Amino acid sequence: MKINPLNKSALANLCASVEKPNYELSETSSAIIHFGAGNFHRAHQAVYCDTLLNKGESQWGITGVSLRSSTMRDNLASQDYLYTLAILGEETRYRVIGAIKNILVGPETPQAVIDKLAQSHTELVTTTITEKGYYLAEGAIDQSHPDIVNDINSLAIPVTVYGFIAAALIKRAKDSAAPLTVLCCDNMHAGGQRLKDGVKLILGVHSKETLPWVEKNVAFSSSMVDRVTPSTDQTLIDTVAQDTGVYDNAPVSAEPFTQWIIEDNFAGQKPPFDKAGALFVNDIAPFEKVKLRFLNAGHTILSALGYLAGDKYIHEALLRSPLAQFTEQALKLNVLPVTSVPSDVNGETYIDDVLQRFRNSHLPYGVLQVGTDSSQKIQQRLFPSIDDALSNESDCSYLAFALAAWVCFVQKASDSQQLNDPLALNFAQYIEQGANNDVYDFLNLAGASKYSLFTDNTFMASVNEYYHCINRVGAEQAVSDFLTD
Ligand code: CS2
């Protein structure tokens with residue numbers, strides 16, 4: 001049987017069980033510009049927008065921006081930017097999403113990105129550019145990074161999200177354009193503030209006179225985003241084609257669970273995301289904290305231990321009972337006592353639910369996907385809880401063990417050429433110089449020196465001890481020994 005490629009005209013060929021846009025694609029517009037139109041965005045925010053479009057809110061389509069590669073644009077352009085979301089749980093559901101109207105590639109057409117951002121019709125700018133897209137070094141913007149240096153020197157061809165937004169705001173201010181909201185949708189504490197700092201830094205160099213307009217007309221907000229979304233492989237592509245009757249070269253899979261909690265801080269028009277299941281709150285910080293310290297930290301711990309134990313996927317690591325027990329106890333015994341949770345959230349239940357979601361074997365999620373950029377991730381997922389525990393004199397032995405496991409992960413992944421991290425070269429150099437026995441260097445590179453854990457000799461000595469123990473007896477045995485001690 002010949003399978004047609006997915007595009008507007010193939011919508012009619014989809015199997016009846018596949019949900020599809022109930023709106024005319026040509027009748028929607030994009031008041032949202034999104035930086036980082038990757039899988040997470042396509043399985044999360046774009047789905048909320050698609051729901052709004054289905055409800056007749058026709059302006060909340062999306063223009064995506066890729067800051068680096070053209071791959072997603074190339075894949076989606078040939079299919080009218082339509083793609084299939086495969087929701088994989090006890091049962092499988094398919095939904096074709098039509099919310100993305102176009103994707104611009106920054107390095108190819110920088111001026112088109114700036115112009116689109118500057119249009120008065122643009123109400124909202126959102127980001128999923130991952131931790132490294134914020135160029136943070138020890139919590140502040142790394143002004144020595146070549147990309148930041150580029151945007152400080154000239155805004156003719158910006159490379160960073162800060163540069164693009166700053167260039168557009170200069171234009172918006174000159175044209176007295178409508179107010180704008182910039183909303184962070186990354187796993188990032190106070191992401192809105194970080195975006196504001198970066199944009200102001202660049203404006204301070206190129207156009208100080210724009211700053212007062214920005215202060216009055218631009219809101220920088222944060223949100224807590226949640227949906228486990230693996231990277232796409234050929235198996236998914238083939239399964240989707242078989243099940244839907246149409247060939248999509250860029251489907252995306254995700255778990256059934258989805259959550260989006262948004263800081264209610266908008267300048268100008270606020271998209272009614274609540275009509276699509278999102279929640280607006282005044283104080284976003286406790287929600288960010290819970291997500292980063294429990295869900296994301298749990299992922300990072302399982303990714304390091306699972307990788308060391310030889311697992312490919314997170315759900316496989318959880319089949320090893322010492323690893324499952326260790327992760328649950330690390331979160332319940334070390335993180336929970338020092339983390340205040342929102343009043344309507346029960347910490348223990350949240351942790352149980354998260355671990356249950358991670359057990360979803362219908363949605364294989366790679367330990368190396370979580371291990372990507374781990375040097376950036378641990379700065380938000382582990383260090384703050386450890387510092388809080390140390391200052392409260394509360395137990396953080398599990399987290400010390402988790403840091404030791406992370407160092408072992410970095411070494412093993414680096415040796416196996418599987419380390420995908422902005423600091424991969426630096427780590428490889430350390431390892432080559434024979435610094436293998438020193439957890440200090442690895443943690444220092446990952447920005448630990450900004451935290452008090454780094455100068456707590458007892459804590460660091462225990463990290464070192466666990467590190468040697470893991471190297472001596474292997475990760476799973478070391479975890480078992482830890483749990484029985
Ligand atoms: C994960 C997250 O890959 C990772 O580092 O911890 O992407 C996680 O799956 C999402 O934040 C879930 O919402």
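What you see is a predicted model, and the numbers here were worked out from it, not measured in a lab.
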If you define the side chain from C-beta out and look only at heavy atoms, does anything of [X] sit under 4.5 Å from [Y]?
X: L295; Y: F358; result: yes
X: F164; Y: L67; result: yes
X: W213; Y: V218; result: yes
X: V290; Y: P342; result: yes
X: V205; Y: D151; result: no

Does a donor on one side chain and an acceptor on the other come within less than 3.5 Å for [X] and [Y]?
X: S361; Y: Y313; result: no
X: D387; Y: S452; result: yes
X: K101; Y: T28; result: yes
X: T126; Y: Q45; result: yes
X: N187; Y: Q380; result: no
X: Q119; Y: D115; result: no
X: Q59; Y: Q269; result: yes
X: Y307; Y: Q418; result: yes

Looking only at heavy atoms, what is the nearest atom pair of V240 and P251, with distance?
-> CG2-CB, 3.9 Å

Does [X] pair with [Y] as a salt bridge, N-O distance under 4.0 Å?
X: D373; Y: K132; result: yes
X: K377; Y: E131; result: no
X: E215; Y: K200; result: yes
X: D388; Y: R293; result: yes
X: E209; Y: K174; result: no

Among K55, R42, K20, R95, the one residue meeting salt bridge (Lys or Arg N to Asp or Glu O under 4.0 Å) with D50 | R95

For F257, is the NZ or CZ atom of R357 found under 6.0 angstrom from the centre of its six-membered ring and inside 45 degrees of the ring axis?
-> yes

Should the ring pair H44 and W260 be called parallel, tilted or perpendicular, given that the plane angle runs from 0 to 90° and is split at 30 and 60?
-> perpendicular

Please work out whether the ring planes of W406 and F427 are parallel, tilted or perpendicular, with thresholds of 30° and 60°.
-> perpendicular

R93, CZ atom: more than 12 neighbouring heavy atoms under 6.0 Å | no

Can you establish whether the number of heavy atoms outside I157 located under 6.0 Å from its atom CD1 is more than 12?
-> no

I284 and side-chain contact (heavy atoms from CB on, under 4.5 Å): which partner among D264, I262, I261?
-> I261

Could you tell me whether Y48 and F273 have their ring centroids closer than 6.0 angstrom?
-> no

